[in-house]
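Chain identifiers are assigned alphabetically (A, B, ...) following the order of the sequence lines, protein sequences preceding nucleic acid strands; residue numbering begins at 1 within each chain.
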Number of protein chains: 2
Amino acid sequence: MVSSSNCHMTAEQVFAKLQSTYPKVALATVYNNLNRLCEDGAIRRVSMEGMPDHYDHIQRHDHLVCQQCGQLLDVDLGDLTQQLEAKAGVSILSYDLKLVYVCENCKKTINGKECE
Amino acid sequence: MVSSSNCHMTAEQVFAKLQSTYPKVALATVYNNLNRLCEDGAIRRVSMEGMPDHYDHIQRHDHLVCQQCGQLLDVDLGDLTQQLEAKAGVSILSYDLKLVYVCENCKKTINGKECE
DNA sequence: ACACCAATTTGGAATCATTCTAAAAGTAAT
DNA sequence: ATTACTTTTAGAATGATTCCAAATTGGTGT
């Protein structure tokens, strides 16, 4: 079965990767299984503006998103639940925190053309 | 011109609302202008998993998202930039923070059917 | 081996939000 | 009112994802 990956793959990428080993899997199956795994809490879906969903491991962590190229990077800021609950005044189930920055690659490349 | 609204409307909702007063505006125009306003920093786009983009005012604030019905609510946790930068160890341009909770409405309704 | 039921997979059509495109309509200055 | 520019329009196109009904696969008991 499709097991979770260590990077931040999209359904399409998982599909592509699978094709070499299992040439007959259908894209629908990939979506089915990714969805199932998400429901079961085995993997985590990361959606970002204007790009296909990425799938990620479930260990607690947050994300750095490059403003230029959209590249996604894990970063662990620790568990802020307590703090956020206190400030918001409601009890929360979870939270989604994305830090927008400019990745090293894009910092070099003057106008961010060659990223990703 | 289409000016920003005080709630969290989708392009479709803006379109619908406009139709009564300007029956000939096209949906494409709404998208054009919402996009422009976003670029110009006059409004803010809020994208959430599995639902159309919502548009929001630009004053600094974060969001509460109901897990059941997806309803979006403003909440202000103050500016966490300093703190997050310190923890992440990189300088960030901005951040996007969504707190997942269960709204009052959905808490009442035993299985969240009647929300939104 | 064999038949039976359930669960999974397939491939292709369908959906939905959004963008693209090329033509039409405004708007302004000359 | 003529050119030059910008905005708008309508509808087609796109792209990610879901839906669907048919086909395949997996046991399980015999």
Side-chain angles (χ1 to χ4, degrees), chain A residues 1-5 7-56 63 65-72 96 98 112-113 115-116, chain B residues 1-5 7-56 63 65-72 96 98 112-113 115-116:
Chain A
M1 252 353 81
V2 181
S3 78
S4 125
S5 66
C7 4
H8 294 104
M9 305 180 78
T10 63
E12 206 69 52
Q13 290 171 328
V14 172
F15 178 58
K17 194 159 196 174
L18 279 177
Q19 297 218 284
S20 43
T21 19
Y22 308 88
K24 34 179 21 190
V25 286
L27 184 53
T29 308
V30 175
Y31 275 106
N32 282 345
N33 289 319
L34 288 174
N35 281 339
R36 173 112 42 110
L37 289 168
C38 282
E39 280 164 27
D40 297 354
I43 61 175
R44 194 219 285 206
R45 191 198 319 276
V46 184
S47 336
M48 270 178 313
E49 147 115 47
M51 57 181 73
D53 289 351
H54 292 245
Y55 296 87
D56 202 356
H63 288 114
V65 185
C66 175
Q67 187 189 51
Q68 305 298 312
C69 67
Q71 199 204 81
L72 199 60
D96 174 17
K98 300 203 183 73
K113 288 273 178 158
C115 270
E116 188 111 335
Chain B
M1 253 348 87
V2 180
S3 80
S4 126
S5 65
C7 8
H8 295 104
M9 305 180 77
T10 63
E12 205 70 51
Q13 289 171 331
V14 172
F15 177 59
K17 192 159 196 175
L18 279 176
Q19 297 218 286
S20 45
T21 17
Y22 308 88
K24 33 180 21 193
V25 285
L27 184 53
T29 309
V30 175
Y31 275 106
N32 282 346
N33 289 320
L34 288 174
N35 281 339
R36 173 114 40 110
L37 290 168
C38 283
E39 280 163 28
D40 297 354
I43 61 174
R44 194 225 276 213
R45 191 198 319 277
V46 183
S47 333
M48 269 178 311
E49 147 115 47
M51 58 180 72
D53 290 351
H54 292 244
Y55 296 87
D56 202 356
H63 287 114
V65 184
C66 175
Q67 186 189 52
Q68 305 298 312
C69 68
Q71 200 205 80
L72 201 60
D96 174 16
K98 299 202 184 75
K113 289 273 179 157
C115 271
E116 188 112 333

What residues form a side chain to side chain contact (heavy atoms under 4.5 Å, CB included) with Gln19(B), not counting sequence neighbours? Phe15(B)
Rounded to whole Å, CZ of Arg36(B) lies from P of dC20(C) at a distance of 14 Å
Just the table, please: protein N/O against nucleotides 16-19 of chain C N/O, every pair under 3.5 Å.
residue: dT18(C); atom: OP1; partner: Asp53(B); partner atom: N; Å: 2.9
residue: dT18(C); atom: OP1; partner: Asp53(B); partner atom: OD2; Å: 3.2
residue: dT18(C); atom: OP2; partner: Tyr31(B); partner atom: OH; Å: 2.6
residue: dT19(C); atom: OP2; partner: Asn35(B); partner atom: ND2; Å: 3.1

Interatomic distance where CG belongs to Asn32(B) and P belongs to dC20(C) [whole Å]: 10 Å
Please identify each residue that fulfils side chain to side chain contact (heavy atoms under 4.5 Å, CB included) with Ala28(A), with sequence neighbours left out. none
Please report the closest heavy-atom contact between Pro52(B) and Thr10(B), naming both atoms and the distance. CG-CG2, 4.1 Å
With a 4.0 Å limit, can you tell me whether Asn33(A) has a side-chain N or O closer than that to the phosphate oxygens OP1/OP2 of dT9(C)? yes
Roughly, in whole Å, what's the span from CD in Glu39(B) to C1' in dT7(D)? 15 Å
Minimum-distance pair of heavy atoms, taken over all atoms of Ser20(B) and Pro23(B): O-CG, 4.5 Å
Side chain to side chain donor-acceptor pair (under 3.5 Å) involving Asp96(B) - partner list, sequence neighbours excluded: Lys98(B)
Within this structure, what is the CZ-to-P distance between Phe15(B) and dT8(D), rounded to whole angstrom? 14 Å
Report the distance from atom CG of Leu34(A) to atom C1' of dA16(D), rounded to the nearest whole Å. 13 Å
Which residues satisfy the side chain to side chain donor-acceptor pair (under 3.5 Å) test with Asn35(A), sequence neighbours excluded? Arg45(A)
